[in-house]
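First the proteins, then the strands, lettered A, B, ... as listed; each starts at 1. Basis for what follows: all heavy atoms, side chains included, without hydrogens, waters or symmetry-related copies. Just so it is clear, the model here is predicted, and its values are computed rather than measured.
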Protein chains: 2
Amino acid sequence: MDISKILDHIHQLPEQSKLALQNNVTEMAFSKGHILLKANKVEPNIYFIKKGLVRAYVERDNEVTFWFGKEGETIISMKSYVEDQPGYETIELLEDCELYELKTENLRKLFNEDVHIANWGRKFAEKELIKTEERLISRQFKNASERYLELMKDHPELLQRVQLGHIASYLGITQVSLSRIRAELK
Amino acid sequence: MDISKILDHIHQLPEQSKLALQNNVTEMAFSKGHILLKANKVEPNIYFIKKGLVRAYVERDNEVTFWFGKEGETIISMKSYVEDQPGYETIELLEDCELYELKTENLRKLFNEDVHIANWGRKFAEKELIKTEERLISRQFKNASERYLELMKDHPELLQRVQLGHIASYLGITQVSLSRIRAELK
DNA sequence: GAAAAAAATTAACAAATGATAAAAAATGAA
DNA sequence: TTCATTTTTTATCATTTGTTAATTTTTTTC
């Protein structure tokens with residue numbers, strides 16, 4: 001998905017504002033396995049995914065995956081982006097990726113100069129917020145197998161592209177539990 | 001907490017922009033038990049809490065509380081605010097409250113006219129997003145008693161002001177489980 | 001302050017999920 | 001293809017959390 005479409009998909013922008021954003025974007029490619037973003041560092045960029053798949057995980061005793069990002073989605077360490085604080089997530093590429101890089105610093109300048117871009121940034125945060133809120137509520141209401149079925153329904157392609165260990169931790173269960181759930185559904 | 005302080009606390013605003021917001025705000029009072037906002041309706045307003053305490057819950061077989069709001073916080077049906085869609089939450093007053101009401105429609109006008117207000121709205125969503133993300137991650141990492149201890153540490157006053165049934169459902173466990181956890185901690 | 005109602009705790013058992021280990025299946029490299 | 005490695009499944013047992021019901025404590029109302 002190319003940058004113009006990605007930007008518009010977040011929130012429709014006037015041509016001039018969109019160009020201002022596009023002019024600050026650099027295209028780059030990384031291969032599967034690359035660690036794009038390290039936990040406990042302030043990350044000075046955000047990325048839009050042109051092609052590929054990534055995951056965000058937090059490291060404790062084990063790795064806990066809490067987000068998958070694919071074509072059209074935005075890779076962002078919220079703590080860095082919002083508070084200039086080190087984030088808790090590491091971003092790993094699960095497939096070869098083509099990305100668009102945008103310096104947070106430049107984006108902030110644009111936020112202050114252009115009301116359309118400010119509202120675009122607002123819409124971005126609001127939409128992410130709704131997604132996160134829905135996941136939290138799904139967590140509160142649904143047991144593990146219901147959450148698995150929900151994921152199968154909403155993002156079936158993830159099950160093809162991601163290994164089950166990552167899916168399990170995304171769902172908040174162990175891989176063994178996920179295997180059991182899958183066996184029961186057969 | 002008065003409206004000027006609430007607005008600045010979300011994100012510092014130039015005096016003129018702050019006044020523009022304040023001019024659109026109406027103060028009102030409701031008593032404990034009042035249902036401010038009904039699930040499955042598009043809610044045309046947002047509210048800032050001057051004084052009091054509320055909870056947001058979703059109704060299934062049982063009521064599941066997923067948010068508490070107190071002085072200085074914002075009551076908002078994200079689905080209504082962002083997408084003009086009916087929200088899933090009902091808001092109930094747990095104490096007598098004094099609120100500031102702001103019509104979403106007027107706020108949207110201000111977002112398009114004033115870049116400071118647009119960025120204020122952006123910051124609001126971003127901060128809410130970080131809070132929600134942190135709760136989701138806490139859910140993924142911590143078991144019930146760890147989440148209870150975390151709540152005791154971060155919001156001890158809630159345990160004084162809210163009955164344990166609501167706390168339990170906020171933590172994603174039954175009231176009986178919460179009692180058991182509290183007994184074990186003694 | 002007594003009675004009634006609501007909230008919180010306790011107990012006993014059921015169900016779901018976790019932990020560990022071993023086996024089977026799938027994937028990748030030579 | 002074959003061998004080695006990684007991933008997934010299966011099995012067993014432990015732990016956590018849920019469910020139901022009874023009891024105790026606290027709060028509210030008269």
Q: Before accepting this row, confirm whether a basic side-chain N of the pair Asp2(B)/Lys50(B) lies closer than 4.0 Å to the acidic partner's carboxylate O.
A: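 Looking at Lys50(B) together with Asp2(B), the answer is no, because their closest N to O distance does not fall below 4.0 Å.
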Q: May I ask you to decide whether Glu126(A) forms a salt bridge with Arg122(A), counting only side-chain N to carboxylate O separations under 4.0 Å?
A: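 Result for this pair is yes, salt bridge flagged.
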Would you mind reading off the distance between [X] atom [atom1] and [N] atom [atom2], rounded to a whole angstrom?
X	N	atom1	atom2	result
Lys142(B)	dT16(D)	NZ	P	17 Å
Leu171(A)	dA16(C)	CG	P	17 Å
His166(A)	dT8(D)	NE2	P	9 Å
Arg161(B)	dT26(D)	CZ	C1'	20 Å
Leu94(B)	dT27(D)	CG	P	16 Å
Gln163(B)	dT9(C)	CD	P	12 Å
Ile173(B)	dT17(D)	CD1	C1'	9 Å
Leu185(A)	dT8(D)	CG	C1'	16 Å

Q) From dT10(D), dT9(D), dT9(C), pick the nucleotide closest to the side chain of Leu164(B)? A)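 Given the options dT10(D), dT9(D), dT9(C), the side chain of Leu164(B) is closest to dT9(C).
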**Q.** Nucleotide nearest Asn143(A) (side chain, heavy atoms from C-beta), chosen from dT9(D), dT17(C), dT17(D)
**A.**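 Selected nucleotide (nearest to the side chain): dT17(C).
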Any side-chain N or O of [X] less than 4.0 Å from the OP1 or OP2 oxygen of [N]?
X	N	result
Arg180(A)	dA16(C)	no
Arg182(B)	dT9(C)	yes
Ser179(A)	dT10(D)	no
Thr174(B)	dT17(D)	no

Q | Non-hydrogen atoms of Ile117(B) and Ala20(B) that approach each other most closely | A |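 Where Ile117(B) meets Ala20(B) most closely, the heavy atoms are CD1-CB, 4.3 Å.
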Q.
Checking Ser31(A) against Asp96(A): is there a side-chain donor and acceptor pair closer than 3.5 Å?
A.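 There is no such pair between these side chains.
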Q | Tyr57(B), Phe68(B), Trp67(B) screened by ring-ring contact (aromatic ring centres under 6.0 Å, His included) with Tyr170(B), the one that passes | A |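 With Tyr170(B) as partner, ring-ring contact (aromatic ring centres under 6.0 Å, His included) holds for just one option, Phe68(B).
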**Q.** Contact nearer the 5' end of DNA chain D, comparing Ile181(B) with Val176(B)
**A.**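 Its nucleotide being nearer the 5' end, the pick is Ile181(B).
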